[in-house]
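The block underneath contains the structure these notes are about, expressed in structure tokens.
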Protein chains: 2
Amino acid sequence: MQNQSSAEHNDPVTITLTDRLFDRLQRAIVEGEIASGSKISEPELARQHGVSRGSLREAIGRLEARKLVERKPNLGARVVTLSYEHLIEIYQIREALEGMAARLAAQHMSDNEIEELQTLLSEHGRQIEEQHGEAYFQKQGDLDFHYRIVQGSKNRHLIGLLCNDLYHLLRMYRYQFGMRSKRSRQAYDEHHYLLNAIISRDPEMAELLMRQHIRSSRRNVEKMLLEN
Amino acid sequence: MQNQSSAEHNDPVTITLTDRLFDRLQRAIVEGEIASGSKISEPELARQHGVSRGSLREAIGRLEARKLVERKPNLGARVVTLSYEHLIEIYQIREALEGMAARLAAQHMSDNEIEELQTLLSEHGRQIEEQHGEAYFQKQGDLDFHYRIVQGSKNRHLIGLLCNDLYHLLRMYRYQFGMRSKRSRQAYDEHHYLLNAIISRDPEMAELLMRQHIRSSRRNVEKMLLEN
DNA sequence: CAATATTAAAGTGTCGACACTTTTATCTGT
DNA sequence: ACAGATAAAAGTGTCGACACTTTAATATTG
């Protein structure tokens with residue numbers, strides 16, 4: 001699940017104005033530049049970005065589809081309000097969907113893809129040894145690993161759901177709740193078990209391990225948030 | 001998962017023009033009135049429905065979010081093309097998500113809700129005895145049952161994903177692939193096992209049974225489609 | 001002075017018009 | 001007659017303006 005612009009696999013590289021605007025707004029929201037829960041004034045935002053209200057409106061519509069903003073008729077749009085409960089909901093959905101993705105990946109990934117995944121993972125291992133688990137790189141590494149497995153499912157609908165819809169919401173929580181994982185070593189191990197299940201072409205086991213991995217990640221987050 | 005207009009839990013009952021248009025278009029697409037795979041001409045559709053292109057565009061945007069149409073910059077929108085492969089993808093996602101929904105429902109449904117579910121199910125049983133499994137009613141019954149369990153998960157994000165996004169796509173396949181279930185009796189039995197797991201408050205078992213139920217429904221569909 | 005009614009301001013929903021892109025139809029040369 | 005170039009038509013992307021709704025500010029009244 002790496003950074004990808006909204007040109008998301010759009011063969012014609014024509015980027016429309018609304019596309020760019022959508023990207024910018026999404027980033028601004030995810031990174032908290034536009035505060036969570038705050039109201040969005042169409043005239044103001046349109047002016048700030050030098051664009052007509054019509055185009056802005058379309059961008060907002062897409063943000064709504066990704067559940068980054070909520071809209072009520074005649075009352076306007078607000079940036080979604082983050083909450084502990086909602087974060088848990090997202091983890092439950094991830095557990096179900098990524099579990100299925102791992103199951104499918106064990107069936108459908110090519111030998112070549114599996115090798116690349118292996119390479120990626122040993123690279124992570126090296127990084128962890130070297131810099132004793134520098135948080136940022138490891139977090140990105142986690143995303144890369146999950147991203148490849150999701151892609152490996154070969155289920156385009158599932159890929160879209162996880163990489164387009166859920167991913168950015170999750171990123172928003174990471175940014176704004178300051179979620180740094182202090183368990184990069186454990187995560188790395190769990191990734192390894194999962195990889196072995198995929199190498200063995202064992203769908204059942206792959207799903208099981210992925211679900212455990214996400215559950216333990218969730219427990220980690222829960223603990224971290226209850227400390228604050 | 002019963003019929004619900006796009007006013008979807010919008011407290012202010014102000015229905016905007018775009019809302020109505022969206023509903024109409026969604027119905028037209030789901031029921032095949034606008035052919036799957038066909039191109040959508042904005043000027044023409046706008047004229048047909050007596051509405052400006054701007055409003056139509058917003059409606060199309062929402063249809064795109066629900067994956068009922070696909071859009072390419074400067075080339076316009078097409079109704080999504082149905083395929084066997086895509087239908088399988090949807091069933092895989094349903095298996096994962098509804099499985100999780102059942103697990104959560106076993107934990108979170110109120111005793112009252114469980115009783116109502118029980119009532120609903122015995123009503124279905126009665127109907128099957130009487131009219132020997134009239135296809136339509138039983139299909140609706142299946143939807144109602146699943147709908148309540150999804151609601152019972154109390155996971156709002158999950159509910160939205162299943163009842164808003166996936167549900168209409170699935171309905172579209174049912175309509176256009178003519179998917180009638182000839183296994184209402186078996187489905188009824190499977191519902192019963194699942195209900196028992198929920199009554200026992202056994203999340204693990206509930207998820208397992210729901211996943212089996214959806215898998216067997218998928219196999220039924222596969223068989224049915226390979227006959228044509 | 002507080003609570004309601006009235007009015008002004010701001011905001012959203014909808015529309016029609018124009019610019020640019022893609023597609024279709026026509027023309028040109030060999 | 002056919003392939004490619006050219007022009008016309010249709011279609012999409014973007015904009016600014018107006019109507020109606022909500023919110024804020026002001027006035028009114030008990």
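This is a predicted model, so every value here is computed, not measured. Values below: every heavy atom of this structure, side chains too, minus hydrogens, waters and symmetry copies. The sequence lines fix the lettering, A, B, ..., with proteins before strands; numbering per chain opens at 1.
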**Prompt:** By side-chain contact (heavy atoms from CB on, under 4.5 Å), which residues pair with Asn112(B), not counting sequence neighbours?
**Reply:**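 side-chain contact (heavy atoms from CB on, under 4.5 Å) check on Asn112(B) returns Ser110(B), Glu116(B).
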
**Item:** side-chain contact (heavy atoms from CB on, under 4.5 Å) partners for Thr81(A), two or more places apart
**Value:**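 With neighbours one apart ignored, the set is empty.
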
Just the rounded figure in Å: distance from [atom2] of [N] to [atom1] of [X].
X        : N       : atom1 : atom2 : answer
Ile60(B) : dT12(D) : CD1   : P     : 8 Å
Glu44(B) : dA9(D)  : CD    : P     : 19 Å
Glu42(A) : dT21(D) : CD    : P     : 17 Å
Glu58(B) : dT14(D) : CD    : C1'   : 14 Å
Leu56(A) : dT14(D) : CG    : C1'   : 13 Å
Phe22(B) : dT14(C) : CZ    : P     : 14 Å
Lys72(B) : dT21(C) : NZ    : C1'   : 16 Å
Arg47(A) : dT14(D) : CZ    : P     : 20 Å

**Request:** Please confirm whether Arg171(A) makes a cation-pi placement over Tyr167(A), using NZ or CZ under 6.0 Å from the six-membered ring centre and within 45° of the ring normal.
**Result:**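 Satisfied, under 6.0 Å and within 45°.
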
Has [X] got a side-chain N or O lying under 4.0 Å from the OP1 or OP2 atom of [N]?
X        : N       : value
Ser52(A) : dT14(D) : no
Lys39(B) : dT23(C) : no
Thr16(A) : dT12(D) : no

For [X], answer base if it contacts any base atom (sugar-phosphate contacts may also be present), sugar-phosphate if it contacts only those atoms, and nothing otherwise; contact means non-hydrogen atoms under 4.0 Å.
X        : value
Gly54(B) : nothing
Leu45(B) : nothing
Ile40(A) : sugar-phosphate

**Message:** Measuring from atom SG of Cys163(B) to atom CG of Leu158(B), what distance do you get when rounded to the nearest 0.5 angstrom?
**Reply:**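 Reported to 0.5 Å precision, the distance equals 8.5 Å.
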
**Request:** Can you figure out which of dT14(C), dT22(D), dT12(D) approaches the side chain of Leu75(A) most closely?
**Result:**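 For Leu75(A), the side-chain atoms sit closest to dT22(D).
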
**Request:** Output the single nucleotide from dG11(C), dT14(C), dT14(D) whose closest atom is nearest the side chain of Ser55(B).
**Result:**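 So the side chain of Ser55(B) is nearest to dT14(C).
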
**Message:** Quick check on DNA chain D: between Leu17(A) and Asn74(A), whose nearest nucleotide comes earlier from the 5' end?
**Reply:**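 Result: Leu17(A).
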
**Message:** Which label fits His191(B) and His213(B): parallel for a plane angle under 30°, tilted from 30 to 60°, or perpendicular past 60°?
**Reply:**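 Rings of His191(B) and His213(B): perpendicular, over 60°.
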
**Prompt:** Taking NZ, NE, NH1 and NH2 as the nitrogens, is one of them in Arg62(B) or Glu58(B) under 4.0 Å from a carboxylate oxygen of the other?
**Reply:**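 Glu58(B) and Arg62(B): not salt-bridged.
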
**Prompt:** Would you call Glu70(B) and Arg78(B) a salt bridge, taking side-chain N to carboxylate O under 4.0 Å as the test?
**Reply:**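 No.
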
**Asked** Under a 3.5 Å cut-off on both pairing distances, which runs of 3 or more consecutive Watson-Crick or G-U pairs involve DNA chain D?
**Response**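 So far as stems of 3 or more pairs are concerned, DNA chain D shows C:1-30 with D:1-30.
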
